[in-house]
Amino acid sequence: MAQKDGGAQPAARTESHDPAFPEAFLQFMRTGWREDPIAVAPLSEAPNYAKRRAALSEAFPGETLIIPSGNEKVRANDTDYPFRPGSDFFYLTGDRDPDSVLVLRPNASGHDAVLYTRERNSKETDRFFRDRNGELWIGRTHTLTEKSTELGLETASLGLLGPALAHSAPGRTRVLRGLDPNVDRAVLAYEPDRDRPRDRELAWVISELKLVKDEWEIAQLQAAIDATVLGFEDVARVLPADRGVKERLLEGVFALRARHDGNDIGYGSIVGAGAHATILHWVRNTGVTKPGELLLMDMGVEGHNLYTADVTRTVPVSGTFTPLQRQVYDIVHASQQAGMDAIRPGVLFKDVHRTCMRVLAEGLDDLGLLPVSVDQAMAEDSTVYRRWTLHGFGHMLGIDVHDCAHARNETYREGPLGEGYVLTVEPGLYFQPEDELVPEELRGIGIRIEDDVLVTADGCRNLSDGLPRSSSDVETWLAAQREAGPRLP
């Protein structure tokens, strides 16, 4: 299925601190190497990617579709961030390499799919040791034929991509933009007012295809979630009840589990001790835990096939909630349970949101914080309860932590849930340390409980039920983890 090379490769990558190569050294490096073949076989999940490409093809008959993987990003000077392919590209191909581009070109019965990708920097040229992407630098890479065999997808040299893009028909081509500036420049919008909405339509169609998870995807999510449960247990086992430890120690313990059992963390871990728990996206993690305070941890393992968990737990560092902490925690737990109870196919996403928010508003009223009645606070022209809970009840989850992000509003935020959707349910209450509208004893308390649920035919299933949710169960669980003690992955 592989197409023979014939195009130019990207320019060799070298760095300013690399030593010069005398001719004698070059000649010496070109000799004495054995070629060891590697065994390749079709990936068991390759048919899943083919099925998704077929669904996308059906949505755009007669049109050329271009989906890039993205480029490596510089972290500092000559070092890059670890590369992760664009989620939509990976969803359609299973390929993990940078600079690759999937092109679906129309034919009489649908589309021909070709993956344009880097050639192997083999020992046939000096690139294998001179180029920082050569095999002495990054290890053995696949040939076009090997990659084609694994992915079940025709491959072609990246050097042939330019001519392929140049022949894209004006007005009949759609590009997933924002991932590869070279592709964006090569396929200009011929009529900007018309073609830009066409490109956006490609993005939302892919997002909406991702809404319903098949059995394989659910298994990938469950594996990531199960690893996440172990990661939370790892953290609980090293969390002292009687002294402080750095948030970054806990972050690192979880990251060890993520790298050991999965691909990596699915997003920057939030480890918020004390008042840091009130900062919704606290990822600096520069604080220290303190007995008597709460610890909020929002963390998720990204699995080997890039599906990610997204789980939050809030625990009492000392092992036991104070009466006020428990009261607030129980409000959040009741809100989450109400949301889960409301979820089933056909229920509007926004109605689950309102269900969760109503319970939070009632809890805030019980705490004496609302300046108006619960009904007034919930009114669309008011929503003053949101001072203490800025975010929604949850979001779609899958190959992105915020999956299906480009889906149309009427399909996602304003639309009904469907069987096979996977979403988070994560209400929270946050009382900022400087908030003078709450009693002093509430200031600095932040609580969120987040689980990952699958919409089933008659309700939902909590995929992350390996972790406790109620205040009493959290206390029992924390004590049990501490009793068990630290473990290696």
(request) Look at the aromatic rings of F393 and F349 and report parallel, tilted or perpendicular, splitting at 30° and 60°. (result) tilted
(message) To check you understand the geometry: which heavy-atom pair defines the closest contact between P427 and S335, and what is its length?
(response) CB-OG, 3.3 Å
(request) Report yes or no: does H304 contribute a side-chain atom to a donor-acceptor pair with the main-chain N or O of D261 at less than 3.5 Å? (result) yes
(message) One pair to check against salt bridge (Lys or Arg N to Asp or Glu O under 4.0 Å): E380 and K350. What are the steps and the verdict?
(response) CA-CA 12 Å; E380 291 187 4; K350 65 180 181 181; over 6 Å; no
(request) Please check if any side-chain donor atom of Y412 sits under 3.5 Å from a side-chain acceptor atom of H406, or the reverse. (result) no
(message) I'd like to know if R443 and E436 make a salt bridge, using a cut-off of under 4.0 Å between side-chain N and carboxylate O.
(response) no
(message) So that I can tick it off, tell me whether R177 and D199 are bridged by a salt bridge, with the cut-off set at under 4.0 angstrom between side-chain N and carboxylate O.
(response) yes
(request) For the residue pair T286 and E247, confirm or rule out a side-chain donor-acceptor distance under 3.5 Å. (result) no
(request) Measure the spacing between CG of L102 and CD1 of I66 and express it to the nearest 0.5 Å. (result) 9.5 Å
(request) Taking the side chain as every heavy atom from C-beta outward, state whether L369 and P439 have any atom pair closer than 4.5 Å. (result) yes
(request) In plain terms, say whether D351 and R358 are close enough for a salt bridge, that is, a side-chain N and a carboxylate O under 4.0 Å apart. (result) no
(message) Can you confirm whether R408 is buried at CZ, in the sense that more than 12 heavy atoms of other residues, nucleotides or ligands lie under 6.0 Å from that atom?
(response) yes
(message) Within the supplied structure, the quantity of interest is the number of heavy atoms (other residues, nucleotides, ligands) at a distance under 6.0 Å from R284 CZ; does it exceed 12?
(response) no
(request) Would you check if F83 and D97 make a side-chain contact, meaning some heavy-atom pair closer than 4.5 Å? (result) no
Do any side-chain atoms of residues 266-274 form donor-acceptor pairs under 3.5 angstrom with protein atoms, and if so which ones, sequence neighbours left out?
from : atom 1 : to   : atom 2 : distance (Å)
Y267 : OH     : D298 : OD1    : 2.6
Y267 : OH     : M299 : N      : 3.0
Y267 : OH     : M299 : O      : 3.1
Y267 : OH     : G300 : N      : 3.3
Y267 : OH     : D310 : OD1    : 2.8

(message) Taking atom CD as the centre, does E410 end up with more than 12 heavy-atom neighbours from other residues, nucleotides or ligands that are less than 6.0 angstrom away?
(response) yes
(message) Please check this pair: side chain of R53 against backbone of L92, looking for a donor-acceptor N/O pair closer than 3.5 Å.
(response) yes
(message) Rounded to the nearest 0.5 Å, what separates atom CE in M340 from atom CG in D465?
(response) 9.0 Å
(request) Count the heavy atoms of every other residue, nucleotide or ligand shown that sit under 6.0 Å from CZ of R487, and state whether that count exceeds 12. (result) yes
(request) Side-chain contact test, heavy atoms from C-beta onward, threshold under 4.5 Å: evaluate it for I447 versus L429 and give yes or no. (result) no
(message) If you apply the rule side-chain contact (heavy atoms from CB on, under 4.5 Å), what do you find for V238 with R482, and how did you get there?
(response) CA-CA 7 Å; V238 301; R482 284 169 165 164; over 6 Å; no
(message) What I'd like to find out is whether the side chain of I343 reaches to under 4.5 Å of the side chain of L417, using heavy atoms alone.
(response) yes
(request) Would you give the length of the straight line joining atom CG of L423 to atom SG of C460, rounded to the nearest 0.5 angstrom? (result) 8.0 Å
(message) What I want to check is whether the side chains of S471 and D330 have a donor and an acceptor closer together than 3.5 Å.
(response) yes
(request) Please answer whether the main-chain N or O of L463 pairs with a side-chain N or O of Q222 as donor and acceptor at a distance below 3.5 Å. (result) yes
(request) Give a yes or no on this: more than 12 heavy atoms of other residues, nucleotides or ligands lie within 6.0 Å of atom CD of E434. (result) yes
(request) Say whether S100 and T117, considering side chains only, have a donor N or O and an acceptor N or O under 3.5 Å apart. (result) yes
(request) Using distance alone, with no hydrogens and no angle criterion, decide if N305 and Q220 have a side-chain donor and acceptor under 3.5 Å apart. (result) yes
(request) Sort out for me which residue in V474, I449, T228, V311 forms a side-chain contact (heavy atoms from CB on, under 4.5 Å) with L467. (result) V311
(message) Main chain of Y430, side chain of R448: is a donor-acceptor contact present, judged purely on distance under 3.5 Å?
(response) no
(request) Taking the side chain as every heavy atom from C-beta outward, state whether F89 and L179 have any atom pair closer than 4.5 Å. (result) no
(request) Could you check if a side-chain atom of V453 sits within less than 4.5 angstrom of a side-chain atom of N462, using non-hydrogen atoms only? (result) yes
(message) A side-chain contact here means heavy atoms from C-beta on lying under 4.5 Å apart; do Y49 and D95 qualify?
(response) no
(request) Give a yes or no on whether a salt bridge exists between D78 and R132, defined as a side-chain N under 4.0 angstrom from a carboxylate O. (result) no
(message) Check this for me: does any side-chain nitrogen of one of K213 and D403 sit under 4.0 Å from a carboxylate oxygen of the other?
(response) yes
(message) Using a strict threshold of under 4.0 Å (side-chain N to carboxylate O), is an ion pair present between R52 and E217?
(response) yes
(message) Go through it in stages, so that I can follow the logic: the residues are R84 and D264, the test is salt bridge (Lys or Arg N to Asp or Glu O under 4.0 Å), and I'd like the CA-CA distance, side-chain angles, deciding distance and then a yes or no.
(response) CA-CA 10 Å; R84 182 192 186 278; D264 208 331; over 6 Å; no
(request) Determine yes or no for a side-chain-to-main-chain donor-acceptor pair under 3.5 angstrom, with K290 supplying the side chain and V288 the backbone. (result) no
(message) Can a donor-acceptor pair be found, under 3.5 Å and without considering hydrogens, that links the side chain of S69 to the backbone of G86?
(response) no
(message) Within the 4.5 Å heavy-atom criterion, are L250 and T289 side-chain neighbours or not?
(response) yes
(request) Spell out, as yes or no, whether a donor-acceptor pair under 3.5 Å connects the side chain of R75 to the backbone of T79. (result) no
(request) Would you mind checking if R118 and E72 are paired as a salt bridge, meaning a charged N to carboxylate O distance below 4.0 Å? (result) yes
(message) Using only atom types and a distance under 3.5 Å, with no angle test, would you say the side chain of R461 pairs donor to acceptor with the backbone of L454?
(response) no
(message) Assess, by modelled atom type and distance only, whether the side chains of S87 and D400 contain a donor and an acceptor separated by less than 3.5 Å.
(response) yes
(request) Using modelled atom types only, decide if a donor and an acceptor are shared between the side chain of S464 and the backbone of D452 within a distance under 3.5 Å. (result) yes
(message) Tell me which pairs pass ring-ring contact (aromatic ring centres under 6.0 Å, His included) where either residue lies in residues 206-228, with sequence neighbours left out.
(response) W216-Y307
(request) Report the distance from atom NE2 of H142 to atom NZ of K147, rounding to the nearest 0.5 Å. (result) 8.0 Å
(request) Return yes if some donor-acceptor pair links the side-chain N/O of S382 with the main-chain N/O of Q376 below 3.5 Å, else return no. (result) yes
(message) Under a 3.5 Å threshold, yes or no: a donor from one side chain and an acceptor from the other, between Q432 and W388?
(response) no
(message) Could you walk me through whether T308 and E302 satisfy the side-chain hydrogen bond (donor to acceptor under 3.5 Å, both in side chains) test, starting with their C-alpha distance in whole Å, then the side-chain angles of each, then the deciding distance to 0.1 Å, before giving a yes or no?
(response) CA-CA 4 Å; T308 186; E302 179 182 75; 5.6 Å; no
(request) Grab the two heavy atoms, one from L296 and one from A277, that are nearest each other, plus how far apart they are. (result) CB-CB, 3.7 Å
(message) Could you tell me if S472 and E475 have a donor-acceptor pair between their side chains, going purely by distance under 3.5 Å?
(response) no
(request) Please lay out, stage by stage, how T456 and E419 fare under the test side-chain hydrogen bond (donor to acceptor under 3.5 Å, both in side chains). (result) CA-CA 5 Å; T456 62; E419 185 175 356; over 6 Å; no
(message) If I take atom CZ from residue R326 and atom CG from residue L324, how far apart are they, to the nearest 0.5 angstrom?
(response) 11.5 Å
(request) Working to the nearest 0.5 Å, report the span between CZ of R313 and CE of M297. (result) 9.5 Å
(request) Can you establish whether the number of heavy atoms outside H281 located under 6.0 Å from its atom NE2 is more than 12? (result) no
(request) Anything under 30° is parallel, anything over 60° is perpendicular, the rest tilted; go ahead and classify H395 against H402. (result) perpendicular
